[in-house]
J.: 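Below are the structure tokens for one structure; questions will follow.
Below, read A as the first sequence line, B as the second, and so on, with proteins coming before strands; counting in each chain starts at 1.
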Protein chains: 2
Amino acid sequence: MKVSANSRAPQAAPLPVDLADGVFPAGCPSRTVLDHVTSKWGVLILLALSEGEQRWSDLRRRAEGISEKMLAQTLKTLERDGLVRRDAQPVIPPRVDYSLTERGYELSALLVPLVAWAFENAEDIVNGQR
Amino acid sequence: MKVSANSRAPQAAPLPVDLADGVFPAGCPSRTVLDHVTSKWGVLILLALSEGEQRWSDLRRRAEGISEKMLAQTLKTLERDGLVRRDAQPVIPPRVDYSLTERGYELSALLVPLVAWAFENAEDIVNGQR
DNA sequence: GTTGGCACTAACTTTCATGTGAGTACCTTA
DNA sequence: TAAGGTACTCACATGAAAGTTAGTGCCAAC
């Protein structure tokens, strides 16, 4: 699946034109979105939810180390961005389910391979700081 | 190209087992790598370099808004992580070329679609904060 | 002869993301 | 009756990330 070591050196590929022109300018919205999505906890939450609907307390346990404040904040941002759906049932004790929207699934589909790569290469990278 | 609205709701997919168990724990190396890679400027630099070797001052102009300090810092981190190669020629005036390593290219291949998605959806997302 | 480009480093400051701890309202179980 | 779970919010503290300013050595062009 890799281009193979001897066939050719890693290739530089031109980016799509609109991307090349669009992402780099300072004030562009994609930078904001990228910031939300690639925030410390954003990735983890999106990833966790890619496995399906989950409750507040599930997420809290899942994303090890997150504080309640950051969980609330991250979820709120992702909800405002239309990536996460919040479903609060008026029962007692409270029950709130979080899930990805269609757009959220689109994103997580791109995020999963990235995180998988990071996971696979993490040890090499962290150790190999020559 | 979309799964279509009526066929089925967006599907939850189980993550690869090792990923599901590996990424969420607090102290795991993948979190560090993810932090480097998804840092504000890391993404931009990796993206810029995916188009091929570039000089310091090229990058500085390309990643609009970056300070010299942040450029140096980001490049250093990515170099230590083995994603970026630094080639300093002993000429005057100094000339330093930066390029991606093979591992860097692997990463950028995953990053490009993500950024492209962010770019395409950015306006919708930023405006549609209902 | 001074301005400017090149590729940086270092010191200092500000801003912002994240963390901490407490409090809320209600109910269940011990 | 006290402890604990559920899903939060709010005020405050801290620390890391990012920005700012200045300075380096050398050369070329003006």
J.: Salt-bridged, A/Asp97 to A/Arg95, with N to O below 4.0 Å?
T.: yes

J.: List, with names and distances, any nitrogen or oxygen atoms from the protein found under 3.5 Å away from nitrogen or oxygen atoms belonging to nucleotides 3-7 of chain C.
T.:
from, atom 1, to, atom 2, distance (Å)
C/dC6, O3', B/Arg55, NH2, 3.3
C/dC6, O3', B/Pro94, O, 3.2
C/dA7, OP1, B/Arg55, NE, 3.1
C/dA7, OP1, B/Arg55, NH2, 2.7
C/dA7, OP1, B/Val96, N, 3.4
C/dA7, OP2, B/Ser57, N, 3.2
C/dA7, OP2, B/Ser57, OG, 2.8

J.: Looking only at atom types and distance, does a side-chain atom of A/Glu120 sit under 3.5 Å from a main-chain N or O of A/Ala118, one as donor and one as acceptor?
T.: no

J.: Rounding to an integer number of Å, can you tell me how far B/Trp41 CH2 sits from D/dA18 C1'?
T.: 9 Å

J.: In whole Å, I'd like the distance from the CG atom of B/Asp35 to the P atom of C/dA17.
T.: 14 Å

J.: Taking NZ from A/Lys40 and P from D/dA18, how many angstroms apart are they, rounded to a whole number?
T.: 13 Å

J.: Whole angstroms only, please: what is the CG-P distance between B/Leu75 and C/dT9?
T.: 10 Å

J.: Checking B/Thr38 now: which residues fulfil side chain to side chain contact (heavy atoms under 4.5 Å, CB included) with it, not counting sequence neighbours?
T.: A/Thr38

J.: Which residue, B/Leu107, B/Leu78, B/Leu83, B/Leu46, forms the side-chain contact (heavy atoms from CB on, under 4.5 Å) with B/Leu100?
T.: B/Leu46

J.: Could you check how far CG of A/Leu71 sits from C1' of C/dG19, rounded to whole Å?
T.: 14 Å

J.: Could you tell me the separation between the CG atom of B/Leu111 and the CG atom of A/Leu34, rounded to the nearest 0.5 Å?
T.: 8.0 Å

J.: Would you indicate, yes or no, if C/dT9 has its OP1 or OP2 atom less than 4.0 angstrom from a side-chain nitrogen or oxygen of B/Lys76?
T.: yes

J.: Check whether the side chain of A/Lys69 and the base of C/dT20 form a donor-acceptor pair under 3.5 Å.
T.: no

J.: Please give, in whole Å, the distance from C/dA17 P to A/Leu44 CG?
T.: 18 Å

J.: Where the side chain of B/Asp58 meets the backbone of B/Gln54, is there a donor-acceptor pair that is under 3.5 Å apart?
T.: no

J.: Round to a whole Å and report the spacing from CD1 of A/Ile66 to P of C/dG21.
T.: 17 Å

J.: When the distance from CE of B/Met70 to C1' of D/dT21 is rounded to whole Å, what number comes out?
T.: 16 Å

